[in-house]
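Report on the following structure.
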Amino acid sequence: MAEAGTTYLLSKLDILINMLKKEAALLGGVEEEIQHLMGELPWMRKYLHEADARHTIQDDPEIQQIIDLTHEAEDIIDDFVFQVQQHQRRKKELSSVRFLKMRTLKKFIWRIRGLPGLHEFKRQIIAINKKSDKISTNRAKYPTGREHASTISHVNEDDQYLYPQRRIRRRPIVEELNVVGMVDSIRQVTSLLMPPETSTSSGGQEQQQRLVVSIVGMGGLGKTTVATKIYKTTNTERHFDVSAWVYVSQESRVVDLLCSIIVQITRDKYYCSKEMDEETLRKLLYNYLEERRHKRYLIVLDDVWDTDTWEHLDPAFPETNNGCRILLTTRNLEVARLADPSHHNIHALRLLDNEESWELFQKKTFSSGGGCPPEFADLGKKMVDKCRGLPLGVVVLGGLLLIKDKTLAAWSKVHDSVNWELTHGERSYLCAGILAFSYYDMPYYLKPCFMTIGLFPEDHEIRTSKLFHFWIAEGFVRREGGKSLEDTAEDYLEELIHRSLIKIERCRYDGRVKTCRIHDLLRDLANAKSEKLRFLQVNQSNINFSTVTNARRLSFHGDFNNEVLEYLHLLRSARTLMFHKDQSMGHRTSSFFAGICTHSKLLTVLDMKGGLYSGGSIPAAIKNLQHLKYFSCNAASNTKILEYVGEFVNLQTLIIKGKCTYMQNIWSLRRLRHLEVDLTCTEERRVPSKCQLGLDNLTSLQTLSISYGFWVNDVRWDRLKMLKNLRSLSLMFGKEIQIATQFGQNTNLTKLHLRGPLPEFLFPSNLVKLVLSSSNRSDTDLLVVLGNLTRLKFLEFRPLSYTARTMTFPTGLFARLQSLEIAGFPDLCELKMEEGALVSLTHLVIRSCGLLMNLPQRIGQLQLQVLQLYNMHPRLTDGLRENVGKNWDQIKHISSVVISQ
């Protein structure tokens with residue numbers, strides 16, 4: 001991974017040279033020193049790459065010197081690039097100024113005559129070059145690369161580092177879980193969760209009691225795969241009235257777990273709050289389930305590490321006699337035995353045998369079918385046998401060979417390069433060698449992207465959009481042809497998925513990956529490697545800042561100690577700071593934030609949305625963070641945070657949750673690509689200019705989500721058409737505004753969310769997903785207009801978006817609509833689907849429509865795969881009871897039916 005840093009630095013130097021060439025007067029001999037440094041970096045990069053392939057980076061002092069030199073050079077260059085940008089901006093200001101007073105004009109001329117930091121920059125680069133020359137005096141004893149060619153899996157030419165081979169976009173497909181060798185386990189665990197109906201014998205009574213069923217096994221054995229396969233089956237959905245799944249992990253807080261379970265079973269995100277204490281949440285969950293004793297629940301607790309976690313969760317689940325179940329997966333047999341003292345409901349997973357391992361390998365490596373060609377079989381089986389039956393190892397091996405040339409030479413190189421007996425630090429586990437080699441085999445541009453995933457907590461569901469924003473802000477994503485950086489970042493993610501290093505969790509409305517996860521064994525490997533390279537450091541549990549290293553990226557998952565302010569100077573090398581846990585340090589919060597802004601001036605990514613609470617005010621010192629490209633935080637209602645955000649001229653992503661009352665200069669951020677912010681202006685009659693939505697300069701925007709405020713009255717919504725790159729738009733407003741007619745020219749806009757009254761119905765022709773809320777329409781014109789959107793696949797009607805008593809989907813319309821959700825229509829009495837309408841519909845969700853007594857007659861003719869009904873009239877739900885309801889025949893063909901009150 002370390003060689004990626006020198007490659008990255010080369011690209012920065014190239015950018016700097018081009019900038020200076022446009023400012024010939026600024027060169028002043030600096031170009032020669034920069035060219036000297038550029039000449040030194042390639043051999044360093046090659047040496048780092050070869051040491052990385054030999055797994056000797058952490059043991060080589062010269063390697064650490066090169067890493068330190070690269071980091072130091074990067075800091076110097078980044079700071080100087082910003083000065084050059086500032087200089088160029090001043091020149092542009094001067095060229096646009098007319099009729100200035102002579103004194104002001106002389107002041108501008110003095111400011112641009114020369115660059116004050118040029119001499120200091122030259123001195124710093126000379127010092128860097130001296131250090132480089134000192135390292136290179138030992139160059140003769142460095143390996144040339146030929147002796148170790150067999151250990152390097154792909155890149156041999158220098159230009160391949162800078163210009164990776166063209167990749168073909170391969171859209172990941174969410175495939176059926178591979179359960180080779182797990183069929184018996186799935187059957188046995190299913191029988192424990194859902195035993196056959198019995199009489200009222202003592203045995204039957206036992207089966208009806210609340211039971212805890214455990215799946216036990218080492219990491220990578222497939223515990224989550226088995227649990228997922230059972231959880232997502234139609235039989236499970238129909239057997240249990242309510243269900244919830246939580247990933248526990250070593251870092252989880254019981255409060256967070258309880259909140260997640262409550263939200264899932266109540267389907268109400270406001271039913272509880274993480275502000276509540278643990279005991280309050282336990283009682284809240286217990287009482288909810290106890291009051292609904294007639295309902296059968298299934299709770300999955302995935303990856304429970306210790307008995308203490310179970311002891312805190314157990315009292316939240318009431319004892320019942322209707323077959324409620326809790327399903328645990330754990331590596332710790334003692335957890336299973338504590339949860340089930342009888343030991344009758346513990347299922348231990350086994351390793352795969354040779355035949356099962358070979359079958360799984362073929363399914364992964366030859367996904368198109370046909371199996372392994374005979375000439376590869378002997379070598380393939382030899383490698384598969386060395387995975388010793390661990391499914392994760394077999395899958396990672398298969399993913400590795402999937403992207404290799406189908407030649408014996410390529411497969412032999414993998415076989416000879418893997419240290420099959422490798423152990424990972426103090427922890428030893430099966431297949432450590434193949435997991436480690438999957439990292440070493442990655443091309444340079446993927447390694448930092450893979451490492452970045454280690455910033456997130458264990459078992460965390462990661463939003464891919466956030467991941468892409470991080471990668472782009474850090475400069476890990478290179479431009480490729482005419483593609484956007486986001487599309488190239490998506491290519492990188494797909495490569496990691498095809499290598500089986502990242503797994504898909506959920507997909508977006510357009511089939512792209514929405515969230516993903518990384519197996520904790522791979523995350524452990526990534527973080528161990530990262531810390532030795534000082535790429536990133538993760539701080540868990542109770543944070544002791546005295547242990548913080550000079551890592552470039554830091555992620556904080558625990559509580560701060562009382563001495564936190566004394567160690568903020570240790571963050572001076574940080575490029576990324578991420579806070580995952582809500583922190584409140586009282587009056588010290590602002591001091592802590594100000595300290596970050598003072599000491600960490602080179603920050604590129606500052607993510608506080610999931611963690612550090614900013615308190616009431618943002619310190620003026622935030623203006624020091626001139627390199628910031630990604631900024632996310634929670635804001636109190638009285639925070640004038642946007643007063644300073646306008647200073648971040650390099651900002652690409654801005655996400656602020658919570659109401660903000662100030663927005664000066666935000667509309668001058670020409671590089672902004674993603675903007676999600678809540679704005680509140682209280683002036684109802686006339687809005688100050690600082691509160692108006694100025695879209696003119698934001699031509700790079702791809703995502704815009706903005707809400708409420710009387711500022712919308714004075715906005716020139718025709719400016720929306722200037723946002724040619726806009727892909728996703730979310731507008732929340734309180735009054736009727738004339739905006740719908742302005743969407744026609746936003747041809748890249750595929751996702752639209754509107755909350756508020758709408759007067760007209762002209763939507764973007766390429767729209768794929770539409771969410772409407774509080775539209776207050778009662779006429780049929782709306783459905784006709786929407787029905788003619790030929791690319792519309794996903795449509796959500798949220799509360800008060802349609803207020804008529806009858807909702808009719810007209811004949812022949814909504815031809816490509818796949819998913820329809822109708823929620824919160826208190827007056828809806830009849831739902832009609834005319835002949836030829838909704839012919840592609842596969843998913844139908846209806847919530848809280850209390851007067852709707854019957855489903856449409858044509859529902860039996862649709863190709864529905866999923867039907868979900870929540871909080872509906874008993875007359876409707878009783879009629880759909882399996883095998884006994886009078887309308888059961890309408891829905892019996894649907895594979896997945898969920899009905900919940």
Side-chain angles (χ1 to χ4, degrees), residues 1-54 56-57 60-84 115 117-149 152 154-165 443-445 447-448 475-476 478-479 533-534 552:
M1 204 289 303
E3 81 275 9
T6 56
T7 301
Y8 182 35
L9 185 56
L10 274 171
S11 65
K12 287 192 172 186
L13 287 167
D14 193 44
I15 292 171
L16 179 58
I17 285 287
N18 290 332
M19 291 178 68
L20 292 178
K21 284 180 178 178
K22 295 178 182 179
E23 304 283 347
L26 300 180
L27 286 174
V30 178
E31 182 177 16
E32 181 180 346
E33 298 299 331
I34 295 176
Q35 293 287 3
H36 179 79
L37 179 57
M38 292 183 77
E40 290 293 295
L41 288 175
W43 71 261
M44 295 184 190
R45 181 184 59 201
K46 190 170 184 178
Y47 179 59
L48 289 170
H49 177 72
E50 294 179 352
D52 195 27
R54 296 193 307 274
T56 59
I57 278 187
D60 191 331
E62 280 87 9
I63 293 291
Q64 298 304 318
Q65 292 176 24
I66 293 174
I67 293 174
D68 290 341
L69 184 144
T70 302
H71 287 174
E72 185 179 353
E74 183 184 1
D75 292 346
I76 293 168
I77 290 167
D78 276 352
D79 194 52
F80 187 67
V81 165
F82 180 76
Q83 293 183 50
V84 174
L115 192 62
L118 183 63
H119 178 75
E120 175 63 16
F121 174 68
K122 181 176 180 179
R123 185 193 67 77
Q124 291 173 329
I125 290 295
I126 290 174
I128 289 289
N129 283 334
K130 287 182 178 179
K131 293 180 182 180
S132 172
D133 292 340
K134 184 176 180 180
I135 296 174
S136 65
T137 56
N138 296 323
R139 194 171 177 180
K141 69 179 182 180
Y142 291 164
T144 63
R146 295 190 182 93
E147 302 95 317
H148 304 280
I152 302 177
H154 45 91
V155 181
N156 294 313
E157 301 297 331
D158 285 344
D159 61 349
Q160 288 182 284
Y161 283 91
L162 287 174
Y163 307 103
Q165 293 181 352
Y444 86 90
Y445 56 84
K447 287 182 179 178
F476 299 151
R478 292 181 55 86
R479 288 200 177 275
L533 295 173
R534 295 201 291 278
R552 309 292 272 183

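- Residues Asp133 and His36 are in side-chain contact: their nearest non-hydrogen atoms beyond the backbone lie under 4.5 Å apart.
- Within the 3.5 Å criterion, the main-chain N or O of Ile128 finds no donor-acceptor partner in the side chain of Ser132.
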Practice problem: May I have the step-by-step check of side chain to side chain contact (heavy atoms under 4.5 Å, CB included) for Phe121 and Ile34, ending in yes or no? | Solution: CA-CA 10 Å; Phe121 174 68; Ile34 295 176; 4.0 Å; yes
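- Between Lys131 and Glu72, some side-chain heavy-atom pair lies under the 4.5 Å cut-off.
- In this structure, a donor-acceptor pair under 3.5 Å is absent between the side chains of Asn129 and Glu40.
- Separation of atoms CD (Glu120) and CD1 (Ile76) is listed at 8.5 Å; rounding is to 0.5 Å.
- For the atom pair NZ of Lys122 and CD of Glu33, the computed distance is 6.5 Å after rounding to the nearest 0.5 Å.
- The closest side-chain heavy-atom distance from Asp75 to Phe80 is not below 4.5 Å.
- You'll find the side chain of Gln65 stays beyond 4.5 Å of the side chain of Lys134, heavy atoms only.
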